[in-house]
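Single-structure report; data block below.
Only this structure's heavy atoms are used, side chains among them; waters, hydrogens and symmetry mates stay out. All chains are named by letter (A, B, ...) in the order of the sequence lines, taking the proteins before the strands, and each is independently numbered beginning at 1.
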Amino acid sequence: MSLPPIDLAVFHDHGFTRRQCRITNLWFWTCDKDRTTCGDTHEDEYTFIGKPLIQGFEQRGKALKDAMREAFLSFFETFEHHRIQPYPVLARWRDDIHLTIASIADFQPHVTSGQVAPPANPLTISQPCIRLTDVDAVGRSGRHLTTFEMMAHHVFNRPDEGEMYYWMEECVAYCHQMLTETFGVEAAEITYVENPWCGGGNAGPAVEVIVGGLELATLVFMNLEESEDGDIELKGDRYREMPLQIIDTGYGLERFCWAAAGTPTIYEAIYPETVEWLKTLSGFSEVASNWPDLDLDKVLGEMSRLNGIMNIEPGVDAEHLSQLFIERLSQRDVSITQEQFLAVTEPLARIYAIPDHLHALTHMIGDGLVPSNAKAGYLARMLARRILRMRDDLGIDVTLAELISHHIDVNMEGHNMKQTRDGIITIMSLEEERYGEVLRKGTNLIKQSLKSIAQDAEQLPDELLFQLNDSHGLPPDMVINMAQAIGWSQLRLRTGFSAELAERHAKMAKAAASTDQHTSYVHELPQLPKTVPLYYNDVHQRSFDASVLASIPLLEDVALESATHAIVLSESCFYPEGGGQEGDYGSLTTDGTSRQVLDTKKENGLILHLCDGPFEVGDLVHGSIDWSRRKQLMDHHTAVHIVGGAARRILGPHIYQAGSNKSSELARLDVTHYRRLTREDLDAIEVLSNEVLGQVSRIEKIVLPRHEADKKYGFDLYQGGAPKGNEIRVLRISDHDVQACGGTHHDEPGKIGSIRVVRSTAVQDGVERLHIVAGDSALSFAREQGEILREASKTFAVASEDLPKTAERFFTEWKEQRKRIEQLEAEIVRLRTTGGGDDSMNVDGVRMVVMEVQGNLKQLTSMLQELTRDPETPTVAVLGSREGGGKLMVACTESSIASKRYNAVDLLKSIIPHIKGGGGGRPTMAQGGGSDADGLDAALEEARRLVQS
RNA sequence: GGGCGUGUAGAUCAGUUGGAAGAUCGCUACCUUGGCAUGGUAGAGGCCCCGAGUUCAAAUCUCGGCACGUCCA
């Protein structure tokens, strides 16, 4: 069975009829008798360019967006939808995506799965979203954006629990009423296209709302989930109805603006100030004056109408596209050469894309993101670099910080940003600096790489381009441009290369994705009630009594040390590893047996005590935990929260926990920051952390329903990772730090004693790892440091205060003396080589020196150098030394009869077996060593024989 | 999370098959000049990132660490 037709009263009431599109074959509803297409095909041009279809909105830019958004939200408010504040663009409540890509993403996965209640029902929202998949098409297609606001009304129905708010009929009715009444759209311009939606294991009927050739909204009725024995078939997969029935709508705010403005592209409707500014700065306005005959306005007008049917998607070859455009334009009596076309469209594409990218970047950085070379931070860096490149291509002289400042002034007023303006500007300046550095290094590298390429080459090797891109951040087209500029004028980028590059990356990504795995500790977990955790009620409880519910042998490959069995109890105060806190150790005993608990883990709500032996099911056991270890873990865990809060107060609002680990020896806290931390930073964090220990007398532990926690404390709660349940355990250390955390913590910070921030290391760019010790570990750390100091001072026989000064003195003296030794060795060599007449002889005008000397390879080298330096006395020298198992060296005076007649390597190879060694070198200088110094005499004797013959 | 790349003089970088640590700029002194720009000559400046291993021999090869860069998810 497939989905039935979407046949609603609202269609009939407004005189709409159902037809099948002659191009796409999709069914659609229209009240225009002449319409034969669904509206979104390659024959449906944009009809609103120059002739707005949405009436009553004369503003442009931010004012237009604000008015449009307000009109939408208040429409739904009057129909009893609750207005929800937008979520951040960084999807920190999710671990599967970095960015908020749709309004429904706010409620995934737990609201949409039914585990967590929605914040309101029904609700309306305008959610800023970022999607980078189409980034290449932005600016070129006239309609693509990386950042947009998705206006929506959402409903979460539970028919099985008698909670049914509304479904398709009402949903479409709201949409139609809003379009025609609030926005003044003629009903004849609207088509509703039936096009089922599926994705991510869910599916349902859906309606696309098309106005003037532009898809303004999609109304999705999500009521199906993937199931092998489902009775509904959609696009090859089987589905069944699910208990939760969700209305997921998406109205493109910017598209509404565009339809209201009727501008040639969407960018002029929403970013008019920046587009004008960049046109002026880049001198684009004068481009047309190069060709007085060209009617630029007409070209652009026709182009934007064409945009609607050209279906410009990312990855389309630019050259091919331009030819297609020129062809189509000529069909419409617009004649333009390729040169003219590119001179107009290339700069325009950049002028349009820059404000869009700035908007996305401002949102991301504004939400507290730090640019990085990994994860979401990398996406921000990519956007920043795209902006900088486009700016350079346009030849504009403004900094990234100035561009962002301008954007904030024009577009961000009233938007609540977490990061400060100064913070954003600092981060942008650092990014631009870094970009400059990549360019500078890249230029050198390209010059270097080109050395091996013929000046008249037409292409560069694929491997070179791949490598320059992947390892050095130099995009292929930039490499070609640079190479052309410095003399390789014939070079072109091979058609299709960019596509191959993308494909290569996709392959790598696919290979990486398939290596995901989950470790389990036992073969099969029995169905048992969740273990009752005692550690939340009283974190100080050290022992308890419980009954054994299961005793399961551990899987071979996860067995650690001597643990053999996982014991499941009815309740436990053993804390299982989680939230970066290691599991508790201790013991379980009955009257007869006693087992060590070597680690504690959690799986499917069951606490697994990993023991060194089994129990009988039904045994009553007495459990007691290793308290000193637990106390230390609590010291470290609570300290991590305090240090995190301190770092945020000292370094800025972008400080976010990127991971943490607490063992009994030390704790590690990874935080996001845009530059390396100095010791001064660490000191300030340490001082503030210790102040908190004294100032805050109690740590609050509160359990809240999820949406209440979100509302009260915001998404910074979820720094430790996205929690799963509807109930959130909030740990609040006054206003210093508030986080959702399932770990065990002290009730009073003062119990920790003291905190030391030992050092910081870099995890990746944009993430610093703080090494922290607290409580007893802090004391033993101090003791160890003292011991290191004492040991070092003992070696120097000085007081530890004098150690740095003394070490420095020793080091400089060591350097000076090393130099002095070199000089003295040279002197020794000079003395030895001037005297040795006895060991030299003359064979046909070549001086032969064969002798045993004292010294290492380095000294022998200098001696040989001295002996064979003078071209006036051609010399072959063979030196031997007994050091280190015997050394032999042979050298000939360069470019003389000596080097013509004798080969140092051959000579060496003939004599080296006497000392049981090997060696090699160049024809004029060879060296080798052996393991039998006693053979040295024989070796030298053979050398004498060889040179005489 | 995965792939790739780079650590050599104060700076920017060469360094071939493992076999004698280099260039350019900067620095110091001297020469040229009335002085400066410039030109000439000489010199100083190196834990070749750190630690193991292989080898007669490691800046070079292998492994580990640290630091930096970059592409992708």
Any carboxylate oxygen within less than 4.0 angstrom of a Lys/Arg side-chain nitrogen, looking at [X] and [Y]?
X	Y	result
Arg945(A)	Glu942(A)	yes
Lys916(A)	Asp934(A)	no
Asp477(A)	Arg389(A)	yes
Arg809(A)	Glu816(A)	no
Asp765(A)	Arg381(A)	yes
Lys662(A)	Glu582(A)	no
Arg140(A)	Asp134(A)	no
Arg440(A)	Glu437(A)	yes

Taking atom [atom1] in both [N] and [M], what distance in whole Å separates the two?
N	M	atom1	result
C63(B)	G45(B)	C1'	34 Å
C31(B)	G51(B)	P	45 Å
G64(B)	U24(B)	P	39 Å
C48(B)	U60(B)	P	11 Å
A9(B)	A14(B)	P	12 Å
U16(B)	A29(B)	C1'	37 Å
C4(B)	A21(B)	C1'	29 Å
C71(B)	C61(B)	P	26 Å

Looking across every strand, which nucleic acid part, if any, lies under 4.0 Å from [X] by heavy atom: base, sugar-phosphate, or nothing?
X	value
Gly917(A)	nothing
Gly921(A)	base
Asn373(A)	base

What residues, two or more places apart in sequence or in another chain, satisfy ring pair (Phe, Tyr, Trp, His ring centres under 6.0 Å) together with [X]?
X	result
His363(A)	His359(A), His415(A)
Tyr902(A)	none
Tyr435(A)	none
Phe715(A)	Tyr87(A), Trp93(A)

How many Å lie between [atom1] on [X] and [atom2] on [N], as a whole number?
X	N	atom1	atom2	result
Met478(A)	C71(B)	CE	P	10 Å
Leu99(A)	A73(B)	CG	C1'	13 Å
Leu132(A)	A73(B)	CG	P	10 Å
Glu463(A)	C4(B)	CD	P	12 Å
Glu816(A)	C47(B)	CD	P	13 Å
Gln927(A)	C56(B)	CD	P	14 Å
Ile446(A)	G5(B)	CD1	P	18 Å
Leu501(A)	G3(B)	CG	C1'	13 Å

Can a side chain N or O of [X] be found less than 4.0 Å away from OP1 or OP2 on [N]?
X	N	value
Arg504(A)	C71(B)	no
Lys819(A)	A44(B)	no
Arg381(A)	U70(B)	yes
Arg818(A)	G46(B)	no

Counter-base of [N], judged by Watson-Crick or G-U geometry with both distances under 3.5 Å:
N	result
G69(B)	C4(B)
C61(B)	G53(B)
A20(B)	none
A9(B)	none
A37(B)	none
G45(B)	none

Identify each atom pair where a protein N or O and an N or O of nucleotides 6-10 of chain B are less than 3.5 Å apart, giving names and distance.
none

Tell me every residue that passes salt bridge (Lys or Arg N to Asp or Glu O under 4.0 Å) with Arg675(A), counting only those two or more places apart in sequence or in another chain. none
RNA chain B nearest-nucleotide lookup for Arg922(A) and Leu468(A): closer to the 5′ end is Arg922(A)
I want to confirm an ordering. Mapping Ser471(A) and Trp814(A) to their closest nucleotides on RNA chain B, which one lands closer to the 5' end? Ser471(A)
Tabulated below should be each protein N or O lying under 3.5 Å from an N or O of nucleotides 13-18 of chain B; please produce it.
| residue | atom | partner | partner atom | Å |
| --- | --- | --- | --- | --- |
| C13(B) | OP1 | Asn444(A) | ND2 | 3.1 |

Would you please name every residue forming a side chain to side chain contact (heavy atoms under 4.5 Å, CB included) with Ile354(A), sequence neighbours left out? Leu278(A), Leu358(A), Ile387(A), Met390(A), Leu394(A)
Holding to side chain to side chain contact (heavy atoms under 4.5 Å, CB included), I want the full list of residues that pass it with Leu132(A), two or more places apart in sequence or in another chain. Leu99(A), Ile130(A), Thr146(A), Leu379(A), Met382(A), Leu383(A)
Show the distances under 3.5 angstrom between N or O atoms of the protein and N or O atoms of nucleotides 57-65 of chain B.
none

Within residues 803-812 of chain A, those residues having any heavy atom closer than 4.0 Å to RNA chain B are Phe811(A)
Pull out every residue in residues 758-772 of chain A that has a heavy atom closer than 4.0 Å to any atom of RNA chain B, ordered by number, or say none. Thr761(A), Ala762(A), Asp765(A)
Between Asp470(A) and His505(A): side-chain donor-acceptor atoms closer than 3.5 Å: yes
Which nucleotide in C71(B), C4(B), C47(B) has an atom nearest any side-chain atom of Lys815(A): C47(B)
For Ala380(A) and Leu361(A), the nearest pair of non-hydrogen atoms, with its separation, is O-CD1, 3.5 Å
Got more than 12 heavy atoms from elsewhere within 6.0 Å of CZ, Arg820(A)? no
In this structure, are over 12 heavy atoms from other groups packed under 6.0 Å from Glu787(A) atom CD? yes
